[in-house]
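Structure first, then comments.
Just the heavy atoms: all of them, side chains too, but no hydrogens, waters or symmetry mates, feed the values below. Atoms within each ligand, like the ligands themselves, are counted from 1 in listed order.
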Amino acid sequence: MVVLKTAAEIAIMRQSGRIVATVLAEMRERVKPGVTTLELDELAEQIIRQHGATPSFKGKEHSDPGAQRFPASICASINEEIVHGIPSASRRLKEGDIIAIDVGAYYNGYHGDSAITLPVGRVTQEAMDLMRVTQECLVAAIAVARNGNRAGDIGAAIQQTAEPQGFSVVREYTSHGVGHELHEGFSLLNYGTVGHGMVLRPGLTIAIEPMINAGKYGTKVKKDKWTVVTIDGKLSAHFEHTIAITEGDAEILTKLD
Ligand code: MG
Ligand code: MG
């Protein structure tokens, strides 16, 4: 079911979003060669709990009942890992890596969900281009996330930003409604056709999250059943914001003033 939020609900989501943004701002400072993804995770959890929130991802069930629940507060996905990387004491960042960090915080009944991809020290020009283009995809998507536009406009904006610059859009994972539930009501493809799909209305809250690959768009899942990697081992980047559709420009909820 598609849920439209009231102004009061969006005010709470602004708070959960701000907590997520605070965590990601700290991650920007901490990501450097030698840091483990578990250290980043522990710090993220600490910040989330200091704000009176709980980590949205920790303990999340897998669609496969045989898989472990997600054990951490962030997803940390390095290089060819696209999303859902599990933080580990044995994953130490090294110069030249790129790392996607995805954070969710649940506060006062509502989730905020946001991700960024960061360079570890100096990275290749291709990696820089991939991160820039993925961020451009998110900006383009948010620009068309407007009252009366359609879901397909968002997918098309992402696809038409990524593909002409030589990158591909991940198909098997999507953007999604967000609110009381982390994944709420609907999925929204990150590729598509202008004028198709669900009509966007004020009060819709959406986590828009393009995942963009340097090579082919195909994916596979590692043995841990969580970590999604590119089919060809090439780099992937991920940026995400939780936004609210309004009468005018979309409001980004996962940001610091
Ligand atoms: Mg996320
Ligand atoms: Mg999400």
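Note on His183: not counted as a metal contact of the Mg ion (ligand 2), no N/O/S atom lying under 2.8 Å.
Looking only at its N/O/S atoms, Asp102 has OD1 as the one nearest to the Mg ion (ligand 1). The Mg ion (ligand 2) is closest to atom OE2 of Glu209 (considering only N, O or S atoms). Taking the Mg ion (ligand 1) as reference, the nearest N/O/S atom within Glu240 carries the name OE1. The atom of Asp113 nearest to the Mg ion (ligand 2) is OD2, with the search restricted to N, O or S atoms.
Using a distance-only test at 3.5 Å, with no hydrogens or angles considered, no donor-acceptor pair links the side chain of His84 to the main chain of Cys75. No donor-acceptor pair closer than 3.5 Å links the side chain of Glu163 to the backbone N or O of Gln160.
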- Please step through salt bridge (Lys or Arg N to Asp or Glu O under 4.0 Å) for the pair Asp129 and Arg132, ending with a clear verdict. CA-CA 5 Å; Asp129 291 342; Arg132 173 182 52 78; 3.5 Å; yes

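With respect to Ile74, the side-chain contact (heavy atoms from CB on, under 4.5 Å) criterion is satisfied by exactly one of Leu40, Leu24, Leu38, Thr37: Leu40.
Ring to ring, Tyr110 and His180 are close: their centroids are under 6.0 angstrom apart.
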